[in-house]
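Some notes on the structure that comes next.
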Number of protein chains: 2
Amino acid sequence: MNLKEFSHRIGLSPTTVSRALNGYPEVSERTRRKVLESAERLGYTPNSRAARLATGRAMTIGHILPLSKEHEMVNPIFSDFIAGAGEQYSRSGYDLSLSVVRDEDEEEAYRDLATRGVVDGVVIHGPKVEDPRIRLLGELGLPFVVHGRSSRVQGEYNWVDVNNRRAFSRATEFLLDLGHRRIGLINGLDGMDFATRRLNGYGDALAARGIARDPELVFSGEMTENYGFATTMRMFDSPNPPTAILISSIIPAMGARRALHDLGIGLGDEVSVVIHDDDLSYFRNEGDVPIFTATRSSVREAGRLCADILLDTIRGAQDERRHVLLEADLTVGQSTGPAPAMRHLLGRDRAAALRRPQALT
Amino acid sequence: MNLKEFSHRIGLSPTTVSRALNGYPEVSERTRRKVLESAERLGYTPNSRAARLATGRAMTIGHILPLSKEHEMVNPIFSDFIAGAGEQYSRSGYDLSLSVVRDEDEEEAYRDLATRGVVDGVVIHGPKVEDPRIRLLGELGLPFVVHGRSSRVQGEYNWVDVNNRRAFSRATEFLLDLGHRRIGLINGLDGMDFATRRLNGYGDALAARGIARDPELVFSGEMTENYGFATTMRMFDSPNPPTAILISSIIPAMGARRALHDLGIGLGDEVSVVIHDDDLSYFRNEGDVPIFTATRSSVREAGRLCADILLDTIRGAQDERRHVLLEADLTVGQSTGPAPAMRHLLGRDRAAALRRPQALT
DNA sequence: GCAGAACTTGAAACCGCTTTGAACGATGAA
DNA sequence: TTCATCGTTCAAAGCGGTTTCAAGTTCTGC
């Protein structure tokens with residue numbers, strides 16, 4: 001049933017019905033009640049396609065999920081972020097549109113969303129240190145918010161970020177305080193803004209204690225379980241392995257744990273691990289004493305915040321650009337302990353001998 | 001710029017321009033080329049909102065992501081499925097709309113999508129054994145495809161499923177052939193169709209060898225890492241633990257591995273594990289010899305197939321309902337081996353003693 | 001009792017595209 | 001040469017809402 005028929009049936013004009021349903025003040029309370037009740041009874045719902053054309057609003061927020069041909073990987077934090085943001089969209093009557101594109105087509109995809117008029121705003125995921133998408137969206141005049149920041153981009157824009165630098169400098173200090181001196185870093189992909197900030201935080205803390213950064217202990221890559229495994233193996237295959245490792249996500253941390261296990265190295269005992277925990281719903285680092293010592297910041301909460309800011313911007317309630325910097329609290333779990341005094345006993349030979357798990361047990 | 005202005009500028013009627021851009025045969029090749037080239041040059045793109053109203057098509061597929069208040073968990077396979085499906089949508093010029101709703105509002109959400117006319121079809125995720133959504137969508141007349149099946153629902157509908165029963169009976173047989181007799185099952189949530197089929201497959205294989213199913217060895221729950229950990233701990237806290245475990249996803253398998261490690265029980269050696277592997281992009285069970293012996297079926301591929309079927313149905317190219325049953329191949333990895341003869345030595349006492357990892361190393 | 005303000009309601013234009021039905025010129029057959 | 005046919009193009013009527021502007025009602029204040 002369309003508006004014309006519905007309004008005719010209840011003996012009112014389309015104008016009045018439209019106003020009543022959209023909460024305009026010009027209709028009397030009595031009429032509004034009648035309209036709402038009749039709509040319920042007769043099962044009338046306005047057609048969104050028509051409303052969107054008439055109002056010029058798409059009532060939709062766009063998210064773009066780029067897939068690179070090489071890695072073919074979906075960022076595991078994506079779904080939790082979306083869950084948080086989507087919750088807020090629903091609450092405000094907005095839809096969420098997701099475009100899956102090859103990463104080389106990503107800019108084109110933003111352009112497309114804007115000119116086709118299917119979204120009122122977009123969220124930028126995973127900004128690089130110098131991300132061209134920010135300038136592009138500015139030029140397109142499409143409201144947006146960045147989940148993260150882009151250090152080398154000039155100008156104001158909305159963003160929600162974790163204080164990655166502080167989180168990683170604190171985590172590093174924590175390990176230093178435990179007596180660790182050789183600390184590895186299993187970081188995210190090179191070029192990603194968050195990875196750079198984490199690296200800086202780690203570097204700062206080391207520098208403050210006068211410790212040189214050993215490039216052999218720093219890795220960057222896509223944060224899969226296998227990546228965590230491979231990099232950990234690599235570190236312990238050297239004559240001078242670390243006594244502690246910082247890991248950028250719980251997923252590679254799983255791989256690191258597997259590696260340590262295979263090598264027969266005690267986690268939290270012989271080697272300490274601190275992770276950054278995005279509080280993924282299927283991978284909770286919880287319990288009285290969490291498995292991993294971690295700097296935690298809920299990505300779902302970040303999604304909610306991004307959504308709120310973006311919707312405010314779109315509704316024009318927000319003139320200036322907004323920034324939210326989330327602090328990640330450090331929670332001590334089972335994966336950290338004092339640096340072992342005997343660390344030098346561990347070296348290439350033992351690592352090689354222990355490579356196969358069966359050889360151990 | 002809108003169609004009126006654009007067509008005026010290039011000296012053609014809106015009709016002709018619209019036809020040229022949409023590939024109708026009535027326009028001459030020369031005119032079409034001119035239109036396409038001018039559109040490119042002047043930067044004209046049709047407004048989708050208007051096109052959607054005019055055609056009555058939403059050019060959008062809906063996905064609903066339900067969040068339960070208790071678990072608050074996002075299915076980890078969701079993002080990979082979406083990646084697969086979204087790829088196909090893009091290819092066909094369709095958008096993907098994602099609605100995040102509380103699970104008690106899920107049916108209402110489908111109803112809403114249908115009456116508001118914002119989608120042309122939807123995908124049903126995670127069907128229960130008897131899922132009311134299938135009948136509902138039938139009544140609403142909204143094209144749909146189910147990722148999975150619903151055993152106790154009558155009638156025809158599109159679906160793409162893995163042969164869960166066969167996969168789990170084969171995995172069980174594989175373990176039986178290795179001499180295992182006490183085999184645990186860490187399954188998905190009770191009531192989910194896939195979980196029921198897996199349980200049946202497991203039960204079939206045991207029954208075929210005359211082995212009684214021990215309820216103490218079967219668990220169902222939401223497939224988190226912690227769930228895998230807790231259930232494994234529980235199994236080994238009994239006087240008669242299993243020598244092998246089947247696990248429904250690689251995520252709880254991580255937890256199971258952690259538990260075995262904490263208990264000091266060798267994986268693949270003292271205890272065998274077979275998982276079902278959805279081939280998640282950030283969690284690849286790969287390598288020359290994969291970590292886990294697994295029945296594998298790519299959820300991303302399932303997403304692609306669902307999208308293809310749904311789009312065919314919407315375009316009317318498809319009259320009958322379509323079904324795809326994917327077979328999961330069993331790949332042998334490092335996590336399985338012959339049943340240890342000395343299994344009876346392991347019991348409650350040793351398990352209790354080994355509970356804390358530090359006590360071991 | 002009446003002018004003017006304050007409420008309510010409705011007619012019609014509009015959002016920007018698609019598509020029907022008509023018109024036009026060119027071509028070919030009679 | 002004329003008429004039917006074909007290939008192109010266009011004017012105008014939708015699609016189903018929202019919103020402007022005008023008009024009708026009911027209140028106020030005097």
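A, B, ... follow the sequence lines: proteins, then strands. Residue 1 opens every chain.
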Report the distance from atom [atom1] of [X] to atom [atom2] of [N], rounded to the nearest whole Å.
{"X": "B:Phe6", "N": "C:dG16", "atom1": "CZ", "atom2": "C1'", "result": "14 Å"}
{"X": "A:Leu53", "N": "C:dG16", "atom1": "CG", "atom2": "P", "result": "7 Å"}
{"X": "B:Arg57", "N": "C:dC17", "atom1": "CZ", "atom2": "P", "result": "15 Å"}
{"X": "B:His8", "N": "C:dG16", "atom1": "NE2", "atom2": "P", "result": "17 Å"}
{"X": "A:Arg33", "N": "C:dT8", "atom1": "CZ", "atom2": "C1'", "result": "15 Å"}
{"X": "A:Glu5", "N": "D:dG17", "atom1": "CD", "atom2": "P", "result": "10 Å"}
{"X": "B:Asn2", "N": "C:dT18", "atom1": "CG", "atom2": "P", "result": "12 Å"}
{"X": "B:Glu26", "N": "C:dT18", "atom1": "CD", "atom2": "C1'", "result": "12 Å"}

State which of [options] makes the closest approach to the side chain of [X].
{"X": "B:Thr55", "options": "C:dT18, D:dG17, D:dT9", "value": "C:dT18"}
{"X": "A:Ala51", "options": "D:dT18, D:dA11, C:dT18", "value": "D:dT18"}
{"X": "A:Asn22", "options": "D:dG17, D:dT18, C:dG21", "value": "D:dT18"}
{"X": "A:Thr15", "options": "C:dG16, D:dT9, C:dG10", "value": "C:dG10"}
{"X": "A:Leu3", "options": "D:dC15, D:dT18, D:dG16", "value": "D:dT18"}
{"X": "A:Arg19", "options": "D:dT18, C:dT18, D:dT20", "value": "D:dT20"}
{"X": "B:Thr31", "options": "D:dT9, D:dG17, C:dT19", "value": "D:dT9"}

Quiz item: B:Glu107 and B:Arg133: salt bridge (charged side-chain N to carboxylate O under 4.0 Å, His left out), yes or no, with the steps?
Solution: CA-CA 7 Å; B:Glu107 294 197 28; B:Arg133 292 173 295 176; over 6 Å; no
Self-check item: Distance-only donor-acceptor test, B:Arg52 side-chain atoms vs C:dG16 base atoms, 3.5 Å
Solution: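 Per atom types, no contact qualifies.
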Exercise. Ignoring hydrogens and angles, answer whether the base of C:dT18 and the side-chain atoms of B:Arg49 contain a donor-acceptor pair closer than 3.5 Å.
Key: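 For B:Arg49, whose side chain was compared with the base of C:dT18, there is no donor-acceptor pair (under 3.5 Å).
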Self-check item: Residue whose nearest DNA chain C nucleotide is more 5′ - A:Pro14 or B:Asn47
Solution: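 So the residue in question is A:Pro14.
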Self-check item: Which residue lies more 5' along DNA chain C, comparing B:Val17 with A:Val27 via nearest heavy atoms
Solution: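 In this pair, the answer is A:Val27.
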Check the phosphate of [N] against [X], side-chain N and O only, distance under 4.0 Å to OP1 or OP2. Yes or no?
{"X": "B:Ser28", "N": "D:dG7", "result": "no"}
{"X": "A:Ser13", "N": "C:dT9", "result": "no"}
{"X": "B:Tyr44", "N": "C:dC17", "result": "yes"}
{"X": "A:Tyr24", "N": "C:dT8", "result": "no"}
{"X": "A:Thr16", "N": "C:dG10", "result": "yes"}

Practice problem: Mind listing the closest non-hydrogen atom pair of A:Ala83 and B:Val100 along with its distance? | Solution: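 That closest heavy-atom pairing would be O-CG1, 3.7 Å.
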Quiz prompt | Heavy-atom closest pair, residues B:Arg300 and A:Leu67 | solution =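 Smallest interatomic distance, heavy atoms only, reads NH1-CD1, 3.7 Å.
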Quiz item: Sub-3.5 Å donor-acceptor pair from the side chain of A:Asp95 to the main-chain atoms of A:Thr60, do we have one?
Solution: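 Not at all, since once roles are kept as given, no pair shorter than 3.5 Å links the two residues.
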Quiz item: Stepwise, does the salt bridge (charged side-chain N to carboxylate O under 4.0 Å, His left out) test hold for A:Glu156 with A:Arg321?
Solution: CA-CA 6 Å; A:Glu156 279 286 296; A:Arg321 298 294 159 241; over 6 Å; no
Quiz item: Would the B:Phe6 and B:Tyr44 ring centres measure less than 6.0 Å apart?
Solution: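 Yes, ring centres under 6.0 Å apart.
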Exercise. Name the residue closer to the 5' end of DNA chain D, choosing between B:Leu12 and B:Ala54 according to the nucleotide with the nearest heavy atom.
Key: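 That would be B:Leu12.
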